[in-house]
Amino acid sequence: MTRQTTVRLPDDLAQEAEIVARVQGASVNQLIVDSLRAEIDRVRADADFTAVARRVLERDRELLERLAQ
């Protein structure tokens, strides 16, 4: 399953993305997907990020529980 979204890029970044994608023989969409996957993998491996994520999720869970009462 895929989800379509719009990404607004500065002109210079969009041009560079087009060049990189063309050299790699890929679409700009594939370049963005690959880059986003790499970034998500990077932050998941970051202990500080995961600690903050756990705190945020716990706070959100507590808020949802209070709202459900």
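These numbers come from a predicted model, not from an experiment.
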Rounded to the nearest 0.5 Å, what's the gap from [atom1] on [X] to [atom2] on [Y]? Could you check?
{"X": "Leu13", "Y": "Glu18", "atom1": "CG", "atom2": "CD", "answer": "10.0 Å"}
{"X": "Arg42", "Y": "Arg44", "atom1": "CZ", "atom2": "CZ", "answer": "13.0 Å"}
{"X": "Leu64", "Y": "Leu57", "atom1": "CG", "atom2": "CG", "answer": "10.5 Å"}
{"X": "Gln24", "Y": "Asp34", "atom1": "CD", "atom2": "CG", "answer": "7.5 Å"}
{"X": "Leu36", "Y": "Ile32", "atom1": "CG", "atom2": "CD1", "answer": "9.0 Å"}

field: salt bridge (charged side-chain N to carboxylate O under 4.0 Å, His left out) between Arg61 and Glu65, intermediate numbers included
entry: CA-CA 6 Å; Arg61 186 188 60 77; Glu65 286 176 357; 2.4 Å; yes
- prompt: Mind checking what makes side-chain contact (heavy atoms from CB on, under 4.5 Å) contact with Ser27, not counting sequence neighbours?
  reply: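 side-chain contact (heavy atoms from CB on, under 4.5 Å) check on Ser27 returns Asn29, Gln30.
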query: For Asp12, does the CG atom have more than 12 heavy-atom neighbours from other residues, nucleotides or ligands under 6.0 Å away?
result: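 Enclosed: over 12 neighbouring heavy atoms sit under 6.0 Å from CG of Asp12.
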message: Quick check: closest heavy atoms across Thr50 and Val43, and the distance to 0.1 Å?
response: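 Looking at all heavy atoms of both residues, the shortest contact is CG2-O, 4.2 Å.
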query: Which heavy atom of Val28 sits nearest a heavy atom of Ala21, and at what distance?
result: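 Where Val28 meets Ala21 most closely, the heavy atoms are N-CB, 3.8 Å.
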- request: Before accepting this row, confirm whether a basic side-chain N of the pair Arg55/Glu58 lies closer than 4.0 Å to the acidic partner's carboxylate O.
  value: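 Judged by the 4.0 Å cut-off on N to carboxylate O distance, Arg55 and Glu58 do not form a salt bridge.
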